[in-house]
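Naming convention: chains lettered A, B, ... in sequence-line order (proteins, then strands); numbering from 1 in each chain. What you see is a predicted model, and the numbers here were worked out from it, not measured in a lab.
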Amino acid sequence: ITVDAFKYGKIPHCTAYFLSHFHSDHYNGLTSKWSNGLIYCSTVTGNLVIQKLKVARNFVRKLPMNDEVSIDSNNDITVTLIDANHCPGSALFLFKLKDKSGRIKRYLHTGDFRACPRQVLHSAIVQPQNPAIDILYLDTTYLNPQYCFPAQEQVVNAVIKLIRKAINRGELIPMKRSSGYNGQWRNKQPRLDKSQLALDKCKILIVIGTYLIGKEKVFFGIAKAFRSRIYVTDEKRKMLMCQEIPGIESLLTNDPHQASVHVVSLMSIKSSSLFAYLESLKPTFKYVMAFRPTGWAYKGQKFSSSSTTEEILNTSTPFTIDSITPTFSTSICQIFGVPYSEHSSFRELAAFVLSLNIRKIIPTVNIGSEKSRENMNYWLDNWQKEKDKNKNIKVVPYNTVDHW
DNA sequence: GCGATCAGAT
DNA sequence: CACATCTGATCGC
């Protein structure tokens with residue numbers, strides 16, 4: 001069995017190639033010519049592999065979420081897919097492998113994930129009902145105390161409030177950029193009556209930067225709040241159609257003038273491109289507010305190596321409308337980085353590891369340098385020892401199953 | 001002239 | 001600087 005290992009071509013003795021989610025750094029090497037073995041993944045990821053990469057159908061095995069399924073004739077290998085909360089179709093893989101003596105070994109591979117209580121509450125792994133996980137392969141992208149961004153929901157709500165504030169004003173809100181020069185501001189104060197309190201009426205365009213797949217909750221959330229349709233390219237529409245979201249088609253449009261919320265590539269969120277974009281959409285739009293959702297956008301309080309586990313778990317990360325500052329701001333164009341992450345924060349990694357009984361943890365990200373491996377192991381060892389002290393392991397307390 | 005690989009930008 | 005690309009240059013055939 002391998003996970004996200006397509007760039008090596010045929011791997012000796014590998015009979016099952018698993019794909020955790022549809023991001024290119026994970027499916028790298030998978031092309032229409034693939035014939036090295038069966039690919040196992042979620043339904044959504046499978047749809048994308050067939051649609052986008054044109055991999056032959058008979059090489060793709062779409063697996064259901066949450067059910068334990070056997071992948072060999074002897075029933076010696078089973079897998080259970082758990083929603084990874086990363087991008088649509090992303091999954092954690094729980095493998096159970098029976099060895100020659102009949103003992104079952106459990107391996108949990110997180111792929112890329114944003115840890116949440118729902119995952120550790122899954123009947124296949126919840127403590128204390130389940131045996132220990134022998135090996136956890138962990139997405140350690142933000143396993144560093146400086147990464148303490150807020151919940152996705154909080155970020156989306158703050159963005160909606162910021163947009164509403166601009167609508168109420170009838171134009172963009174003058175804001176200080178985090179550093180450097182801002183362009184000239186006009187003095188005019190538009191006056192709006194109530195009928196004009198909508199994005200299209202005040203000609204404000206909302207632009208969201210995304211990759212091929214991911215950040216859907218940001219643009220669906222904004223579109224819903226302001227009753228706007230969503231402009232996407234035909235390419236992006238195809239990607240979204242693979243996700244089997246009910247009623248999605250009436251929300252999308254390929255006419256940029258028919259939607260106040262536009263989804264574009266993250267790379268086109270820069271001032272030069274946005275001015276040109278705005279110009280091309282005259283006179284439908286006069287202003288543009290652009291958002292780049294990314295994990296590193298948060299400048300909040302940080303933990304240090306002296307922080308106790310209790311501090312880490314109990315420290316919240318406040319995020320409100322006032323936390324949002326533009327990286328670029330003129331009277332017609334603003335760009336905001338918002339800490340909307342699809343990887344676990346440092347805190348969430350702590351909560352995830354502390355909620356499970358794990359024999360051994362193998363980090364899968366930031367493993368290039370010795371220094372970084374040492375730092376990560378420091379925290380992982382701390383949390384593992386913490387559990388040894390308390391003996392009985394249980395799920396770290398939470399308010400909602402959606403996030404710690 | 002094509003694909004593979006890599007530096008660079010965002 | 002992380003992320004997950006995308007673009008453009010360079011290398012090999």
Side-chain angles (χ1 to χ4, degrees), chain A residues 4 6-9 19-34 45 48-49 52-54 84-90 110-115 138-150 152 155 177-180 207-219 232-233 235-236 239 263-277 288 290-300 302-303 317 326-328 333-349 363-369 371-373 375-376 379:
Chain A
D4 301 344
F6 297 94
K7 62 182 170 192
Y8 312 104
L19 176 59
S20 67
H21 65 290
F22 196 74
H23 273 153
S24 71
D25 52 333
H26 291 257
Y27 66 65
N28 205 355
L30 188 50
T31 67
S32 58
K33 296 169 190 115
W34 180 265
T45 301
L48 290 162
V49 165
K52 187 91 185 144
L53 300 179
K54 312 277 182 229
N85 192 29
H86 178 66
C87 66
S90 62
T110 65
D112 278 358
F113 83 132
R114 181 145 188 186
L138 183 63
D139 164 18
T140 45
T141 301
Y142 293 125
L143 181 47
N144 178 315
Q146 72 183 99
Y147 298 117
C148 50
F149 36 77
Q152 292 177 346
V155 177
R177 200 166 104 174
S178 12
S179 67
V207 169
I208 310 298
T210 70
Y211 303 127
L212 267 189
I213 186 170
K215 322 286 178 183
E216 286 75 9
K217 276 173 268 184
V218 181
F219 55 83
V232 291
T233 61
E235 200 54 33
K236 185 76 182 181
M239 300 288 298
V263 177
V264 306
S265 115
L266 255 167
M267 260 155 311
S268 48
I269 306 231
K270 51 185 176 194
S271 56
S272 58
S273 311
L274 287 171
F275 281 125
Y277 196 53
V288 58
F291 296 89
R292 353 172 94 250
T294 173
W296 59 265
Y298 191 63
K299 299 272 193 301
K302 295 168 179 183
F303 302 112
T317 48
T327 54
F328 178 84
C333 173
Q334 291 179 319
I335 302 175
F336 304 92
V338 288
Y340 181 94
S341 173
E342 288 177 335
H343 289 275
S344 316
S345 69
F346 181 70
R347 241 186 96 240
E348 291 160 343
L349 283 170
T364 59
V365 182
N366 297 322
I367 51 180
S369 86
K371 187 91 207 134
S372 140
R373 286 197 298 271
N375 288 336
M376 292 196 295
W379 292 108

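Listed by chain and number, the residues in a ring-ring contact (aromatic ring centres under 6.0 Å, His included) with A/Y340 amount to none (sequence neighbours excluded). Judged as a side-chain hydrogen bond (donor to acceptor under 3.5 Å, both in side chains), and not counting sequence neighbours, the contacts of A/T45 are A/S42. Under the ring-ring contact (aromatic ring centres under 6.0 Å, His included) criterion, A/F219 pairs with no residue at all, not counting sequence neighbours. For A/F6, the ring-ring contact (aromatic ring centres under 6.0 Å, His included) partners at least two apart in sequence or on another chain are A/W34.
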What string of B, S and - do you get for nucleotides 3-13 of chain C 5' to 3' if you count protein non-hydrogen atoms under 4.0 Å? BBBS-------
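Distance, A/N375 CG to C/dC1 C1': 15 Å, rounded to whole Å.
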Could you give the side-chain donor-acceptor pairs of residues 268-277 of chain A under 3.5 Å, partners two or more places apart or in another chain?
residue: A/S268; atom: OG; partner: A/S265; partner atom: O; Å: 2.8
residue: A/Y277; atom: OH; partner: A/H262; partner atom: ND1; Å: 2.7

